[in-house]
Amino acid sequence: MELLDGNLELKEIQKLQGHTDRVWSLAWNPATAAADVPAVFASCSGDKTVRIWEQSPSTRSWDCKAVLEETHTRTVRSCAWSPSGKLLATASFDATTAIWENVGGDFECVSTLEGHENEVKSVSWNASGSLLATCGRDKTVWIWEVMPGNEFECTQVLQGHTQDVKMVQWHPTMDILFSCSYDNTVKVWWSEDADGDWSCVQTLGESNNGHSSTVWSLAFNAKGDKLVTSSDDLTLKIWEADIIRMQSRDGYAPWNHLCTLSGYHDRTIFSVHWSREGIIASGAADDAVRLFVESKDGSMNGPSYQLLLKKEKAHDMDVNSVQWCPGEKRLLASASDDGTIKIWELETLP
């Protein structure tokens with residue numbers, strides 16, 4: 001990647017307004033942003049609604065295509081599209097997760113998942129779309145099996161975290177689930193075989209180079225052999241595993257700490273996301289967005305990462321979510337406590 005050689009700018013393309021409270025989370029529809037399919041993403045908010053945004057092929061501007069409302073009764077904290085892009089899952093402080101289906105442009109709530117004792121904080125689909133994970137303030141992680149006819153059956157409740165679970169995320173290619181928590185750890189959940197029980201096979205905690213405060217977010221690189229985590233301890237950490245071994249069904253291969261990015265943030269890092277070409281974006285409580293890339297000068301002690309650029313005052317308040325668009329262009333969306341979403345493009349200056 002020749003990014004480090006160029007003069008780069010994160011250019012604001014558009015500011016999207018419509019939510020009437022803080023915007024918590026964003027999710028790009030993975031089946032969009034291809035050659036002839038306009039990019040679509042969902043946003044969710046403290047205003048109890050989810051908004052669907054689409055880029056107009058002619059004007060290139062982003063418009064709100066739908067508002068999903070009158071379903072959740074409290075904050076909608078997280079949203080995630082199924083791999084096919086046909087279903088959208090939304091997790092709410094009302095203790096439910098709703099499943100929405102796009103029927104000819106109209107979104108219908110086709111299922112409501114109940115079981116968590118209180119606030120649901122995050123939702124994630126596995127790579128094949130056959131499993132859904134949710135987590136919440138009740139310290140549990142739930143695994144749901146997707147059944148025919150938009151039915152969802154809870155197959156297991158995973159207990160192990162000692163505090164509020166902030167985020168769940170499936171590995172991009174394998175059925176391995178990751179959760180991060182207010183208990184300062186990331187837990188890795190794995191099942192020996194397709195029908196077996198899930199168990200915690202690894203805990204990334206302070207004793208093994210992990211975080212010393214709440215872990216808010218995690219993301220994988222495109223290949224799936226590296227993981228980045230973000231925390232209230234003001235650091236990002238990069239982890240690596242031998243996924244070839246796991247893909248060849250040769251048992252679980254542990255994640256090892258590669259490096260820690262410290263000194264770049266002075267407030268909580270709420271969100272982190274890795275682009276297809278290897279750029280890590282972070283969104284933090286200092287209202288800024290930062291981009292990091294792996295350094296070229298591979299040092300003797302393994303890979304290191306460096307700051308590519310910092311966008312000061314990206315928003316007027318905390319940046320809660322940063323998400324790279326799956327399409328060809330270097331588009332990044334950010335969501336904030338200021339109630340807005342911004343679309344950015346990473347451009348090389350002449």
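Just the heavy atoms: all of them, side chains too, but no hydrogens, waters or symmetry mates, feed the values below.
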Neighbour count >12 (heavy atoms, 6.0 Å) for atom NZ, Lys139: no

Parallel, tilted or perpendicular, as decided by the 30° and 60° cut-offs, for the rings of His265 and Phe292: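 Because their plane-to-plane angle lies in the 30° to 60° range, the rings of Phe292 and His265 count as tilted.
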
Aromatic plane relationship, Phe93 with Trp24 - under 30° parallel, 30 to 60° tilted, over 60° perpendicular: tilted

Under 3.5 Å side-chain donor-acceptor pair for [X] and [Y]:
X	Y	answer
Asn126	Asp175	yes
Asp232	Ser213	yes
Ser295	Ser304	yes
Tyr252	Gln202	yes
Asp47	His19	yes
Ser181	Lys166	no
Asp94	His72	yes
Thr260	Ser262	no
Asp225	Asn221	yes
His171	Thr173	yes

Option among Trp142, Trp144, Trp170, Trp190 that satisfies the ring pair (Phe, Tyr, Trp, His ring centres under 6.0 Å) test with Trp198: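 Output: one option passes, namely Trp170.
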
Strictly distance-based, threshold 3.5 Å: is any side-chain N or O of [X] a donor or acceptor partner for the main-chain N or O of [Y]?
X	Y	value
Ser56	Thr59	yes
Asn184	Thr214	yes
His273	Trp324	yes
Arg290	Tyr264	yes
Arg276	Gly327	yes
Ser92	Thr75	yes
Ser111	Ile99	no
Thr268	Phe270	no
Arg51	Ala42	no
Ser230	Ile269	yes

Check this for me, if you would: do [X] and [Y] make a salt bridge, where the nitrogen-to-carboxylate-oxygen distance has to be below 4.0 angstrom?
X	Y	result
Arg330	Glu345	no
Asp63	Lys65	no
Glu240	Lys226	yes
Asp287	Lys313	yes
Glu70	Lys48	no
Arg267	Asp286	no
Glu119	Lys121	no

Within one Ile-Leu-Val-Met-Phe-Trp-Tyr cluster: [X] and [Y], side-chain cutoff 4.5 Å:
X	Y	answer
Trp216	Leu234	no
Phe107	Val37	no
Ile52	Val67	no
Leu177	Trp125	no
Val215	Val188	yes

Co-members of Val23 in a cluster of I, L, V, M, F, W and Y side chains, linked at under 4.5 Å: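 Members besides Val23, by chain and number: Ile13, Leu16, Leu26, Trp28, Phe41, Trp53, Trp62, Leu331, Ile341, Ile343.
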
Can you tell if the side chain of [X] reaches within under 4.5 Å of the side chain of [Y], non-hydrogen atoms only?
X	Y	answer
Cys259	Leu261	yes
Leu218	Val228	no
Leu227	Ile238	no
Leu346	Ile279	yes
Trp189	Ser199	no
Gln55	Arg60	yes

Intermediate values then yes/no, side chain to side chain contact (heavy atoms under 4.5 Å, CB included), Val146 and Phe152: CA-CA 5 Å; Val146 184; Phe152 291 76; 3.6 Å; yes

Steps toward side chain to side chain donor-acceptor pair (under 3.5 Å) verdict (Asn150, Glu101): CA-CA 9 Å; Asn150 289 322; Glu101 185 174 11; 3.2 Å; yes

Cys79, Ser45, Ser271, Ser122 screened by side-chain contact (heavy atoms from CB on, under 4.5 Å) with Ser25, the one that passes: Cys79

From Val165, Val141, Thr96, Thr140, residue fulfilling side-chain contact (heavy atoms from CB on, under 4.5 Å) relative to His116: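 Between His116 and the candidates, side-chain contact (heavy atoms from CB on, under 4.5 Å) is satisfied uniquely by Thr140.
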
Residues which pass ring pair (Phe, Tyr, Trp, His ring centres under 6.0 Å) with Phe178, listed by chain and number, not counting sequence neighbours: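 Result, ring pair (Phe, Tyr, Trp, His ring centres under 6.0 Å) vs Phe178: Phe220, Trp255.
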
Intermediate values then yes/no, side chain to side chain donor-acceptor pair (under 3.5 Å), Lys187 and Ser179: CA-CA 5 Å; Lys187 285 189 177 288; Ser179 57; over 6 Å; no

